[in-house]
Amino acid sequence: MLIERADVIVTSPGRNFVTLKITTDDGVVGYGDGTLNGRELAVASYLTDHVVPLLVGRDAHAIEDTWQYLYRGAYWRRGPVTMAAIAAVDTALWDIKAKVAGLPLYQLLGGASRERCLVYGHASGKDIPELFDSVRAHLEEGFRAIRIQTGVPGLDSVYGVASSAAASIGDDTRYDYEPARRSALPAEESWDTRAYLRHVPSVFEAVRGEFGEDVALLHDAHHRLTPIQAAKLGKSLEPYDLFWLEDVTPAENQEALRWVRHHTTTPLAIGEVFNSVWDYQHLIREQLIDYVRSPITHAGGISSVRRIMDYAAMYQVKSGMHGPTDVSPIGLAAAVHLGMALHNFGIQEYMVHSERTREVFGPTHEFAGGGLRPSEEPGLGIHFDEALAAEHPYERAYLPVNRLQDGTVHDW
Ligand code: CS2
Ligand code: MG
């Protein structure tokens, strides 16, 4: 079975997505996600101009050889653009292989290791009352794990706070929260770490006081702290028993997590901006983190994330794959299929794509009991509507740029 053609489809139903469609010589179609929020066209060009010409005529079943051919053959390896492009190819070929086998993809990855994949939703509010509304909406929807993000007194905007926190799951008003703005230049946000560190513990004290101890609570520091500030935050949140504290500090410097680990027992999740196992080498081997965040879409696909998770399993580190609305429903479906099979699955981020997005990609999973089950159709379960996708042309969008109060650029 040979690859006959590969098409790169950039569409924007609510936000920008990069989809790779691979068609074999006997008409089997597979889909992969290559979306990289704010730099989508770089991946689209990498695929169209450099990868697609290499795919046509290759054995569609040769997933591992194709992965190695694209990874080693490019010479310039790793990085978000390269690994998103390889991810799109890898995922599409796994979709094809499962369709030919007549099985849902998770059955080819080892079969079900659990009933469903525990997920967490995004609750947020500019203040405590709005946050409580959002937490209540998620609990009513059946979420058992909820990420908590709020405004910070004195700051105009803060990462992760939807403008309509009370919006119910899945409707479009919930997606004001999409941080990428369609504008000529990135929006600029202002940040004050001390104000944030003073405020966050009181938020979790209020949430625990209102909603009790059972619901799993998560928080994303979004790379904004120094190691010792991260240690301080982790320690201050210990009384509130978080499921995890995410991206506490930029972790390219993997040593930094040693400082954090010395000071706090709050579980740590890192890696949504990582794209290869090498980014985790010390973090996992030295038990400096508890959850691996890399999604299928940004870390080289199913084959590659599986390798990372097998390395992580040696150290009791679990998966916590990134699943915002800027990972497409294809990337989310792939994560849920792999998550169903992984023994060291931890939790899956589930921000809930808008109705417009789901109309283009189709219903790929079932949400119930606080978790997701993947489609039982052969393959990933994607029903990509190309005609509808064409009605949503690409519009350049930028993630915000963050600055400290004195104007210094800071991590967003
Ligand atoms: C966030 C992401 O979901 C998360 O954990 O860190 O939403 C991140 O801000 C976006 O993926 C950026 O495009
Ligand atoms: Mg994050």
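Both counts, for ligands and for their atoms, begin at 1 and track the order of listing. Please read all numbers here as calculations on a predicted model, not as lab measurements.
In summary, Glu395 and Arg15 do not engage in a salt bridge, as defined by a charged side-chain N under 4.0 Å from a carboxylate O. Taking 4.0 Å as the cut-off between side-chain N and carboxylate O, Glu255 and Arg258 count as a salt-bridged pair.
Contact atoms of ligand 1 toward Arg293: 4 (C), 5 (O) (distance under 4.0 Å to a heavy atom of the residue). Less than 4.0 angstrom separates some heavy atom of Tyr159 from each of these atoms of ligand 1: 1 (C), 2 (C), 3 (O), 4 (C), 6 (O), 7 (O), 9 (O). Listed by number with element, the atoms of ligand 1 under 4.0 angstrom from any heavy atom of Pro324 are 3 (O), 7 (O), 11 (O). Close contacts of ligand 1 with Arg147, meaning ligand atoms under 4.0 Å from a residue heavy atom, involve 1 (C), 3 (O), 4 (C), 5 (O). Within ligand 1, the atoms closer than 4.0 Å to a non-hydrogen atom of Glu246 are 5 (O), numbered from 1 in the order shown. Within the listing of ligand 1, atoms 1 (C), 4 (C), 5 (O), 6 (O) sit less than 4.0 angstrom from a heavy atom of Asp220. Of all atoms in ligand 1, listed by their number and element, those nearer than 4.0 Å to a heavy atom of Trp412 are 9 (O). Using a 4.0 Å cut-off to heavy atoms of His122, the atoms of ligand 1 that qualify are 3 (O).
Of the listed residues (Asp95, Thr91, Ile302), just one forms a side chain to side chain contact (heavy atoms under 4.5 Å, CB included) with Leu105, and that residue is Ile302. For the ring pair (Phe, Tyr, Trp, His ring centres under 6.0 Å) with His138, the lone residue among Phe143, Phe367, Phe132 that qualifies is Phe143.
For the pair Arg58 and Tyr69, the distance from NZ or CZ to the six-membered ring centre is under 6.0 Å and the angle to the ring normal is within 45 degrees. Remark: Arg403 fails to qualify as a cation-pi partner of Trp191 under the 6.0 Å distance and 45° angle criteria applied to the six-membered ring. Under a cutoff of 6.0 Å and an axis angle of 45°, Arg72 and Tyr75 do not form a cation-pi pair.
Under the 6.0 Å cut-off for aromatic ring centres, Tyr31 and Phe361 do not qualify, their centroids lying 6.0 Å or more apart.
The atom of Asp220 that is an N, O or S and sits closest to the Mg ion (ligand 2) is OD2. Within Glu272, the N/O/S atom positioned nearest the Mg ion (ligand 2) carries the name OE1. No other N/O/S atom of Glu246 lies as close to the Mg ion (ligand 2) as OE2 does.
Only side-chain heavy atoms of Leu399 come within less than 4.0 Å of ligand 1; its backbone N, CA, C and O stay farther off.
Scanning Asn37, Leu218, Leu36 for the heavy atom closest to atom 13 (O) of ligand 1 points to Asn37.
The Mg ion (ligand 2) has no N, O or S atom of Asp247 inside 2.8 Å of it.
Considering backbone and side-chain atoms alike, Glu349 places an N or O below 3.5 Å from some N or O of ligand 1.
Of all heavy-atom pairs spanning Arg114 and His343, the tightest one is NH2-O, 3.3 Å.
Within the model, atoms CG of Leu197 and CG of Leu233 stand 6.0 Å from one another, a figure rounded to the nearest 0.5 Å.
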